[in-house]
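Worksheet: the structure to be examined is printed underneath.
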Amino acid sequence: MARSSVKTKTGRSGAGETSQKEQLSTIADDTLGFFSDITDAANAKLGEVRASGAESFAVVNTLTGANAVQNMSDITSEQRQQLVGLAREPAIARLVLRDDEGEEKVYFIARAGTLPHDRHTMASYRSPIGRMASLPVGGDQDVRTSKGMRNFEVAERAVLQPDIKDKKWDSRDTVFQGVNYGPVTVTSLRELLKSTGAAESADILDALLAEGREADNVLEGLRRNAILKMGLRDQPLLDQYQDEIFRLPLDSRLVILGPPGTGKTTTLIKRLGLKLDREFLQAEEDALIARSFAGAAGHTGSWLMFTPTELLKLYLKEAFAREGIAAPDARLQTWDDYRRELARNRFGILRAGLGSGTFVLKSAFDPLLTETIGRQIAWFEDFENWHVQTFWAELTQHAKILADNRDPETSRVGKRLTRTLDGTGDTSSAQFIAIGEAADDVRALIAKIKAETDLTIRNAFSAELRRDQTLLTQLIAFIAMTTETTEEPDDTDVDEDEDGPQPADARNAAFEAYMRAIRAHSRAIAASRSLPTQSRYRKIIDWLGSKVPSAEELRSIGASLQVQSSARRFANPMRRLISGVPARYRRFRRERQAENRWYRAEPIAATDLFPLEADVLLLATLRAANGLLANRTIAAEVAAGQHPTLQSFRDALRNQIVIDEATDFSPLQLACMANLCDPATRSFLACGDFNQRVTNWGSRSVDELKWVFADIDVRTINISYRHSKELNEFANRIAQLSGTSPDTQLPAHVINDGVRPVLANGLRDRHAVCAWLADRIGEIENLTGSLPSIAVLVNEEAEVELLAQTLDAALADKNLHAVACVRGQSVGQENDIRVFDVQHIKGLEFEGVFFIGLDRLAERAPDLFDKYLYVGATRAAYYLGLTTEGPALPLKLEGLHATFADHWPKRHI
C-alpha cells in the first residue's frame, strides 16, 4: 500500500501534497458539517419528544432491516436515549463504500440510532452495514439490505472521535485511510481547515504559522493516545476479528481469551448491546426470545453480567452508559454478592431468619484440603453423584416403609410408589411426573394421619390448659425470650406446612410453636435420639417439663409422624430434591472427612460453610432445577403457579449471561452462571486470560471451560491496543515464566515506541519508596507535559493508606495529590495518584503503574506471584516502575534485570 504524501515535518508541501491536503480538508469540512446537521436534528427531535410526551417517532434506516417496534412508549424511551447519544456523538466513522455495481457512496456510522440526512446515508454500527466500519480499506463483505444481499468494498475509511467546544464541532485524532494513502492521523479537523484557509491567504505570516501547526496536526501512521483517567478504554469501533465475535448468533456459548488490552471486555459489552437491540436481531433470534421465560416484553432486562471486583463493576457501568445500555446494579453483579442472593433468598442454603436455611457463610473458614482446590470438578461430581443416589435410595426406602405398613390404605399407596420407583437411579423428570400421578392418594393419606396426630397434641395441650389457664400466656412470654442457637438435626422430616408463615397473633403463634416442638420431640423419641440441647424446640420441651403428652402418646405420635414423613417425601419430591441439598451435603461432608477425602481432619462446625462449598451446593441445586424445568409438563405446571422452588429458579434465569475476567472464577462458579441461562436462548459469553488468573480457585484451562459447556466456542484475540512496544515485550516475558507464550501483537501502523520500565532495589523504608516515586512521577509529568493516569500497587490492603499518606506528603511540592483506594474503591480527582492493593486492579488501565515491594509479594504469594506481577504490569500502557525491599529481583525474575532502567529521560524541546 502506498504511503501518504501528507507532510509530517515542517517545510513546504509539493503539488501532490497540496492535493492530498485539500482532499483531507474536503472530508473534514464534510464531516464537521454532518456533525452539526445531526446534532441539530437530534436536539429538534428531543424537543418533539418533550412536547408530545408519549407520542412516538421512529427513524428507521432502510439499509438496516429493522424489526417492527412493539411498544410506543418503549420507542419513545429508547429513541430518546439514542437521540441523546447522537447529540453527544453524531458519528464514529465515515466510510466510502463501493458496491458490486461500482458505485461509491458515503456512509456515516453511529454507535446506535440513526437520523435521515439530505446528502449521506447514516447507519448504526449494530446494523449489518455497520460491519463495514471494522474492515480495513480494500476489505469487502456481503451485506443484507432491503434490496437483498449485496457486496460492498471499503474504498475510504475515517475513524472519528467527535469533540465539541464552544459550540463548535471537531474530531480529535481522526485516522484517515484510502486505497492510495494513509493511514494518517489528524489531531484536529478544525485545525486542518484553519491551515488550509491560511495557506490560501495572501498573508505570508498566516501561511507560515499554519504550516507550523500542520506539522503537529497531521501525522503519518496512527497516533497513540495517553490514558488521562482511570477506567476502561472507550473503543467505539471493533477490529474485524472482534467484530466477527460481536455478531455471532444470540444462542452462542462463547469464551474470548486474550492478553490484556485486546478489547475483550469492550467486545463483550458491545455484543450484549447488539443482542438487546431487537431492531437488528435475526428472525431466528427473535423466535428464541419469544420462547424464553422473559419473552419479547422482558428481553431487554433479561441479562446478568458478572465481574470479580466492585471497582471494575463501577467502570463497567460507565462503559455500558457509553453504549446506551441501562445497567442497574441488579444486572451488574460480583459473584460474592449474587451467590449470597441465590443461596440465602432463593434456595434456603444460607440462614435468612428463624428456622430458615441451614448454613452460615464464613469466608475465613476453610475446611478444604489443598488438593481439593485443584480438583474442584471431581469434588463436585463426587457430591452430585452421592446426593442424587442418596435421594433416590431414600425415596425407595420410604416407599417400602409405606408398603410394609399394617394399615391397608398406607400399604396400598406404598406398593404403588414402589412399582413407580423400580429401576430409578437419576433425576429423570419422567420419574417425578410418574410419582406425581399418585399425589392425590399421598396427600389424602397424609391429611388423614396428620389430623389424628394434631388432634392428639391439641387434646394434650387443652388438658394442661384446663389445669392452668395461664399456660398459654406463660408460653407466649417464654417464646419471646427464646432464640435458636444451633441447628435442627439433618433428618429434617418436618411438615411441609411448617415452612409457611407463622401466625401473626401471639396466641396462635405460641400454640403453633408448641405443636412443632411436640412433633420434633416425638420424632426424636421414635428415632431414639435427642433434640439438640440449644435448639428452640428443645428449650420449649424443657420449659414445659411434665406438661408434655405422656411417654406412650409421644411414642405413638412419633410413629405416626414417621409414616407421615415417609409419605410426605412423595407429596412434592421435586421440592425435596432441591431443598434437601444442604442437609445431604452436611452428611456427605461428614462421611468424606472421615475418609480423609476433600476435607481437612480438623473439626467442622455443622453450620459453617466456606464460599467454595456454597458454590458446590448452588451448582447441585441449579443443575437439578434446570433438569426438571427442561421438561415441558413440569415447566407448564410451574407457569401455572405450582412448585414454588422451581418458580424461584425460573425467575432467576436470564436470556443472556455475560462474564468478565472469567478465569478468576472457578469452573464451579462459571457452571453456576451457565445454569442461569434461559434454556431457550442458552446465551453465554465470557472473556478472560489464564495468565491473569489471580485466585487460587480460578479456572486454569480450556478443558475446565469445556466442562461448563461441552460445545463452548473458544475464540482467541491477541492484538493489544494498550501497551508500548517495550511493555508488550516485558509482559510477554513475564507470561513465559508460567510456561505460556501469549504472542501478543501490536496493531499495524501505530507508533508504539516507548520507554523501558524502571527498577529500584533496596527500598525497604516507606519514605525512601515515596521519595523515589515522587522523582519518577515528576519525570512522567515532564515527558508528557501533563500528568496522565497513574496507579501505585501495594501487596496488602493494610499498606494502602500508609503509603498514600507518605506519598501525598512527598508530592506536596509538586502540587500533586495521592489518595488511598481502600478495598479498591474509586476516590479522588482524575489527576490524583491512586494507591491500590493489587488484588483490586483487574480490568483497569493506566498510563503509568508502580508496583511496590515485588520481592515481598513473591514471598507472600509464591503460587500466584507471577500472575499478580503480570496483572499489575499490564495495567500500565507506557510507564512501569518496580521496587524491591531487598538488593535484587526475586529469583524467578533474575533474567529480566537487563530489561530495566533506573530512571526515565527528560523531555528535550
Side-chain angles (χ1 to χ4, degrees), residues 224-231 311 722-724 726-727 730-731 753-795 799-822 824-838 840-841 844-854 856-857 869 871-885 899-909:
R224 181 194 167 277
N225 293 319
I227 301 171
L228 300 179
K229 65 177 185 176
M230 182 174 73
L311 181 61
R722 178 183 300 165
H723 303 116
S724 67
E726 288 79 2
L727 291 193
F730 182 72
D753 291 336
V755 293
R756 293 163 66 192
V758 296
L759 170 67
N761 297 125
L763 295 183
R764 183 178 297 275
D765 178 75
R766 190 167 65 251
H767 293 277
V769 168
C770 290
W772 181 84
L773 283 172
D775 289 342
R776 302 292 80 75
I777 290 169
E779 290 168 359
I780 293 175
E781 189 170 27
N782 176 266
L783 285 166
T784 60
S786 62
L787 194 69
S789 177
I790 294 177
V792 180
L793 310 182
V794 296
N795 295 323
E799 300 174 11
V800 172
E801 289 193 276
L802 292 173
L803 188 91
Q805 291 171 3
T806 308
L807 180 58
D808 191 54
L811 293 169
D813 63 345
K814 294 180 173 62
N815 293 306
L816 294 175
H817 186 37
V819 295
C821 297
V822 178
Q825 299 302 307
S826 175
V827 295
Q829 304 301 312
E830 289 302 342
N831 62 346
D832 288 341
I833 291 88
R834 292 176 169 86
V835 182
F836 294 94
D837 182 341
V838 65
H840 298 303
I841 207 67
L844 301 180
E845 59 182 347
F846 303 84
E847 188 73 354
V849 168
F850 295 92
F851 208 134
I852 307 304
L854 200 61
R856 192 151 57 84
L857 176 65
L869 175 58
V871 168
T874 55
R875 300 312 93 199
Y878 201 80
Y879 301 98
L880 174 65
L882 306 175
T883 76
T884 66
E885 293 185 358
T899 305
F900 299 100
D902 57 8
H903 70 282
W904 287 302
K906 293 184 178 180
R907 180 176 60 167
H908 297 287
I909 300 176

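Counting from 1, the numbers follow the sequence of the chain as shown.
For His817, the side chain to side chain donor-acceptor pair (under 3.5 Å) partners are Asp808, not counting sequence neighbours. Applying the side chain to side chain donor-acceptor pair (under 3.5 Å) rule to Arg756 yields no partners; only residues at least two apart in sequence or on another chain are considered. Judged as a side-chain contact (heavy atoms from CB on, under 4.5 Å), and not counting sequence neighbours, Ala812 has no contacts. The salt bridge (Lys or Arg N to Asp or Glu O under 4.0 Å) check on Arg722 picks up Glu845, with sequence neighbours excluded. Partners of Asp902 under the side-chain contact (heavy atoms from CB on, under 4.5 Å) rule, at least two apart in sequence or in another chain, do not exist in this structure.
Phe851 and Leu869 get closest at one heavy-atom pair: CE1-CA, 3.9 Å. For the pair Ile777 and Ile833, the tightest heavy-atom approach, listed with the atom from each and the gap, is CD1-CG1, 4.0 Å. In plain terms, the two heavy atoms of Ser724 and Gly754 that are nearest each other are CB-CA, 4.0 Å. Scanning all heavy atoms of the two residues, the minimum distance from Ala810 to Ala774 falls at O-CB, 3.9 Å. Here the closest heavy-atom approach between residue Ala876 and residue Leu727 is recorded as O-CD1, 3.6 Å. The two atoms that bring Glu726 and Val755 nearest to each other are CB-O, 3.5 Å, heavy atoms only.
His723 contributes a side-chain N or O that, together with a main-chain N or O of Thr874, makes up a donor-acceptor pair within less than 3.5 Å. Side-chain atoms of Glu801 never come within 3.5 Å of backbone atoms of Ala820 as a donor-acceptor pair (strictly under, hydrogens ignored).
We find the CG-CZ distance between Leu844 and Phe836 to be 6.5 Å, quoted to the nearest 0.5 Å. Separation of atoms CG (Leu811) and CG (Leu787) is listed at 9.0 Å; rounding is to 0.5 Å. One finds the CZ atom of Arg834 at 10.0 Å from the CD1 atom of Ile841 (value rounded to the nearest 0.5 Å). Separating the CG atom in Leu803 from the CG atom in Leu773 is a distance of 6.5 Å, to the nearest 0.5 Å. Atom-to-atom distance recorded for Leu854:CG and Leu793:CG is 10.5 Å, nearest 0.5 angstrom. Between His903 atom NE2 and Glu779 atom CD the span is 6.0 Å, to the nearest 0.5 Å.
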* To do: Could you go through the side-chain contact (heavy atoms from CB on, under 4.5 Å) check for Leu816 and Glu781 one step at a time?
  => CA-CA 11 Å; Leu816 294 175; Glu781 189 170 27; 4.1 Å; yes

Donor-acceptor pairs under 3.5 angstrom involving side-chain atoms of residues 877-885: please list them, not counting sequence neighbours.
{"residue": "Tyr878", "atom": "OH", "partner": "Asp753", "partner atom": "O", "Å": "3.4"}
{"residue": "Thr883", "atom": "OG1", "partner": "Gly853", "partner atom": "N", "Å": "3.0"}
{"residue": "Thr884", "atom": "OG1", "partner": "Asn761", "partner atom": "ND2", "Å": "2.8"}
{"residue": "Thr884", "atom": "OG1", "partner": "Gly886", "partner atom": "O", "Å": "2.8"}
{"residue": "Glu885", "atom": "OE2", "partner": "Arg856", "partner atom": "NE", "Å": "2.9"}

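Below 30°, between 30° and 60°, or above 60°: for Trp772 and Phe850 the angle between ring planes is above 60°, a perpendicular geometry.
A 6.0 Å sphere centred on CD of Glu799 holds more than 12 heavy atoms belonging to other residues, nucleotides or ligands.
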